Amino acid sequence: MAEPDWREHLYTLVAAIPPGTTTSYGALARQISGASARSVARALSQLPEGSRLPWHRVIRSDGRIADHPGRAEQTERLKAEGVFIRS
DNA sequence: AGTTTGACGGAGA
DNA sequence: TTCTCCGCCAAAC
């Protein structure tokens with residue numbers, strides 16, 4: 001098959017992240033065959049607004065919030081869940 | 001077809 | 001700890 005549509009897999013994994021916990025792009029990429037940290041990040045960047053995926057629980061491997069326009073919102077949400085963020 | 005861009009990661013300074 | 005450089009990879013120009 002020419003198209004490794006692992007997006008489904010990615011969505012499943014993201015949806016399975018327990019509240020109050022976080023994971024990283026690279027960690028997800030390692031769980032998905034054919035994906036890389038870059039690919040995962042790009043996939044999430046294209047996520048539609050209506051999706052109920054807890055995308056805010058995906059941060060960088062160093063425990064910081066990734067550089068992106070929704071970074072403020074993500075920080076707020078994580079803070080609301082009591083997640084410790086390296087600042 | 002070649003270059004740039006980006007919600008990354010890791011090593012080195 | 002922060003910054004830079006390089007590798008990776010697909011989409012956009």
Side-chain angles (χ1 to χ4, degrees):
Chain A
M1 321 272 264
E3 306 231 0
D5 194 356
W6 41 263
R7 284 203 233 208
E8 291 275 339
H9 195 344
L10 173 62
Y11 297 152
T12 302
L13 292 175
V14 173
I17 303 173
T21 71
T22 59
T23 186
S24 69
Y25 303 89
L28 287 173
R30 284 195 171 79
Q31 298 168 66
I32 303 172
S33 172
S36 68
R38 241 26 210 220
S39 301
V40 171
R42 192 171 57 74
L44 291 182
S45 73
Q46 295 166 5
L47 218 56
E49 293 180 18
S51 71
R52 310 233 222 86
L53 289 178
W55 55 268
H56 56 273
R57 293 184 190 139
V58 183
I59 61 181
R60 289 184 20 167
S61 63
D62 57 354
R64 292 180 187 273
I65 304 298
D67 281 347
H68 73 99
R71 163 180 194 190
E73 184 185 334
Q74 180 170 20
T75 304
E76 290 278 311
R77 292 196 180 194
L78 290 178
K79 185 179 177 184
E81 292 187 358
V83 178
F84 175 77
I85 302 297
R86 228 186 258 243
S87 163

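Only a predicted model underlies this, so the values are computations on that prediction, with no experimental measurement involved. Naming convention: chains lettered A, B, ... in sequence-line order (proteins, then strands); numbering from 1 in each chain.
Listed by residue number, the members of residues 69-87 of chain A with any heavy atom below 4.0 angstrom from DNA chain B form an empty set.
The line from OG of A/Ser51 to CD of A/Gln46 is 12.5 Å long, rounded to the nearest 0.5 Å. To the nearest 0.5 Å, atom CG of residue A/Leu13 and atom CG of residue A/Leu53 are 10.5 Å apart. To the nearest 0.5 Å, atom CZ of residue A/Arg64 and atom OG of residue A/Ser87 are 6.5 Å apart. Rounding to the nearest 0.5 Å gives a distance of 11.5 Å between CD of A/Glu73 and CD1 of A/Ile65. Within the model, atoms NE2 of A/His68 and CH2 of A/Trp55 stand 5.0 Å from one another, a figure rounded to the nearest 0.5 Å.
Looking at which nucleotide of DNA chain B each of A/Ile59 and A/Ser39 is closest to, the 5′-most match is held by A/Ser39.
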Give me, pair by pair, the N or O atoms of the protein and of nucleotides 10-13 of chain B that are less than 3.5 Å apart, along with how far apart they are.
| residue | atom | partner | partner atom | Å |
| --- | --- | --- | --- | --- |
| B/dG10 | OP2 | A/Ser61 | OG | 3.1 |

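Close approach of DNA chain C to chain A, defined as any atom under 4.0 Å from a non-hydrogen atom of the protein, starts and stops at C/dT1 to C/dA11.
Look at CD1 on A/Ile32: it is 16 Å from C1' on B/dG9, rounded to the nearest Å. In this structure, CG of A/Leu44 is placed 11 Å from P of B/dA7, rounded to the nearest angstrom. One atom, CD of A/Glu49, and another, P of B/dA7, lie 16 Å apart when rounded to the nearest Å.
Side-chain contact check for A/Leu44 versus A/Leu10: some heavy-atom pair is nearer than 4.5 Å. With contacts defined as side-chain heavy-atom distances shorter than 4.5 Å, the pair A/Trp6/A/Ser39 qualifies.
Proximity of a side-chain donor or acceptor of A/Glu81 to a complementary backbone N or O of A/Arg77 within less than 3.5 Å is not detected. Side chain of A/Arg86 to main chain of A/Gly63: no donor-acceptor pair is present (N/O by atom type, distance under 3.5 Å, no hydrogens or angles). The backbone N or O of A/His56 sits less than 3.5 Å from a side-chain atom of A/Gln74, completing a donor-acceptor pair.
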